[in-house]
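Read through the structure below, which is laid out as structure tokens, and then see the notes.
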Amino acid sequence: MTHLRAAEIHDEIDGDTLHEECGVFGILGHPDAATLTALGLHALQHRGQEAAGIVTFDGAFHTEKRMGLVGDHYTDPAILAKLPGTISIGHTRYSTTGEVALRNVQPLFAELEVGGIAIAHNGNFTNGLTLRRQIIATGAICQSTSDTEVVLHLIARSRHSSTADRFIDAIRQMEGGYAMVAMTRTKLIAARDPIGIRPLVMGELDGKPIFCSETCALDIIGAKYIRDVENGEVIICETQPDGSIQIDARKPANQQPERLCLFEYVYFARPDSVVGGRSVYVARKNMGINLAKESPVEADVVVPVPDGGTPAALGFAQASGIPFEYGIIRNHYVGRTFIEPTQQIRAFGVKLKHSANRAMIEGKRVVLVDDSIVRGTTSLKIVQMIRDAGATEVHIRVASPMIFYPDFYGIDTPNADKLLANQYNDIKAMAKYIGADSLEFLTIDGLYRAVGGEDRNPARPQFTDHYFTGDYPTRLLDKNGETAGLKLSVLASKG
Ligand code: AMP
């Protein structure tokens with residue numbers, strides 16, 4: 001079992017991290033700020049369905065936070081009426097470990113002597129726990145278990161006079177992956193981590209600036225995409241006394257090449273979004289095309305595991321010439337499989353979510369295409385379902401490489417030992433466990449080519465791909481130096 005050592009290490013260290021995958025949105029200077037934020041968050045709902053919050057300012061700060069879907073709450077005129085003002089930020093969230101509680105729901109707000117500030121954060125700080133311990137050691141009280149609160153404490157402690165400078169001072173101390181929007185009484189601030197792991201884009205509506213996780217949140221309100229917030233960049237937008245908006249873009253972090261998270265392309269981002277200047281849909285379709293070239297199979301029908309596997313299955317069908325059919329129908333009224341925090345509910349979720357379309361499966365050799373295998377829960381259930389519906393053969397093709405390593409930058413992944421790839425010595429044993437006649441994964445170069453057009457550059461990888469390779473792009477300070485051990489063990493096990 002080659003990767004067990006990594007699994008063992010992570011078993012000890014994984015329990016205390018708060019993984020969050022989230023969507024953020026912010027707008028400045030618009031009379032419908034809260035409504036536009038609610039719509040933007042609705043478009044970003046796929047990034048988190050556990051809770052959503054919106055903060056506005058109209059002479060006073062107003063905060064509304066609710067558990068559940070954006071549309072369940074922020075379509076209510078009574079709630080929107082509690083959010084007056086022309087500046088607003090919002091957040092949609094799920095967490096997989098840590099507390100599910102309203103006090104953790106973002107944006108988080110603090111009233112400081114320099115004025116109030118609210119922050120919404122997508123990502124995960126790899127030194128958040130370390131800094132939190134230091135803050136608590138000075139006698140301060142942390143009110144939430146969210147890492148984002150650490151940023152507020154650092155802002156409060158900063159010696160700079162303006163909130164924007166304090167914000168920059170604070171985030172310079174943070175490590176990991178983050179895309180943040182923050183607001184003060186007059187400013188909307190956006191910031192992306194030094195290597196740009198998490199996405200963040202800038203748009204404009206009626207001449208008013210917007211920041212959001214993905215372009216689909218601009219499309220929903222008819223806003224124009226301006227550009228991506230660059231890695232390591234902080235953009236401060238401020239309303240001037242004459243009503244105009246001044247935009248100040250700074251690069252306080254050390255210049256490093258961008259390394260966007262490949263998993264945004266594989267699974268997380270919405271297919272109609274453009275992330276890092278690349279269509280997520282086209283990237284996913286290319287993954288399927290490359291997969292068909294790398295791992296062809298004789299079959300009668302290509303069936304996607306919806307919705308994640310659909311664009312890759314279309315690419316696979318196109319490249320292989322095997323017809324594409326909806327052999328599995330997804331119930332859209334159930335959330336994403338992973339969203340519920342326990343394994344039992346996850347497994348239950350898979351049954352609730354997918355059903356076999358017998359007419360397209362019976363008597364056929366089926367190629368099932370999914371975007372990724374994490375724990376194997378989905379594949380196990382679906383192969384059984386397809387066989388029960390009369391398939392004569394079931395071949396699985398996965399549009400990303402095997403996942404061996406947990407993520408620490410905001411993508412929900414379980415402990416390394418729960419990852420299917422770490423439980424089996426070889427792919428045949430894995431296929432047997434799932435019940436598939438064959439199982440193949442896209443290679444890392446196949447994935448890189450699908451997204452960026454070129455093979456992975458081992459000297460300077462164009463993206464971050466640590467869940468596949470173990471090459472973590474930052475140090476992981478909260479892991480108490482165990483990262484070094486992890487990397488060494490990975491290298492040793494690969495050699
Ligand atoms: P699993 O069932 O554990 O093997 O997970 C793989 C399935 O979950 C695939 O169908 C993916 O579309 C989806 N998936 C992959 N990564 C994630 C994630 N981080 N959060 C939620 N769902 C995911």
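Both counts, for ligands and for their atoms, begin at 1 and track the order of listing. Because the structure is a prediction, the values reported are computed rather than measured.
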Show the atoms of ligand 1 that are less than 4.0 angstrom away from any heavy atom in F263. 16 (N)
So, for F324 and Y326, is the gap between ring centers shorter than 6.0 Å? yes
So F263 and S372, do their side chains get closer than 4.5 Å, heavy atoms only? yes
I373 heavy atoms, cut-off 4.0 Å: which ligand 1 atoms fall inside? 4 (O)
Indicate every side-chain donor-acceptor pair of residues 292-300 with a distance under 3.5 Å to a residue at least two apart or in another chain.
{"from": "E294", "atom 1": "OE1", "to": "T443", "atom 2": "N", "distance (Å)": "3.0"}
{"from": "E294", "atom 1": "OE1", "to": "T443", "atom 2": "OG1", "distance (Å)": "3.4"}
{"from": "E294", "atom 1": "OE2", "to": "T443", "atom 2": "OG1", "distance (Å)": "2.6"}
{"from": "D300", "atom 1": "OD1", "to": "R365", "atom 2": "NE", "distance (Å)": "3.4"}
{"from": "D300", "atom 1": "OD1", "to": "R365", "atom 2": "NH2", "distance (Å)": "2.9"}
{"from": "D300", "atom 1": "OD2", "to": "R365", "atom 2": "N", "distance (Å)": "2.7"}
{"from": "D300", "atom 1": "OD2", "to": "R365", "atom 2": "NE", "distance (Å)": "3.2"}

For residues 303-323, pull every pair meeting salt bridge (Lys or Arg N to Asp or Glu O under 4.0 Å), keeping only residues two or more places apart or in separate chains. D307-R330
What is the ring orientation for Y409 with H466, classed by angle as parallel under 30°, tilted 30 to 60°, or perpendicular over 60°? perpendicular
With a 4.0 Å cut-off on heavy atoms, does S372 reach ligand 1? yes
So if I count the atoms of ligand 1 from 1 in the order they appear, which ones are less than 4.0 Å from some heavy atom of I411? 19 (N)
Nearest non-hydrogen contact to atom 10 (O) of ligand 1 from the set D370, T378, D412 belongs to D370
With respect to G376, determine whether any N or O atom, backbone or side chain, lies less than 3.5 Å from an N or O atom of ligand 1. yes
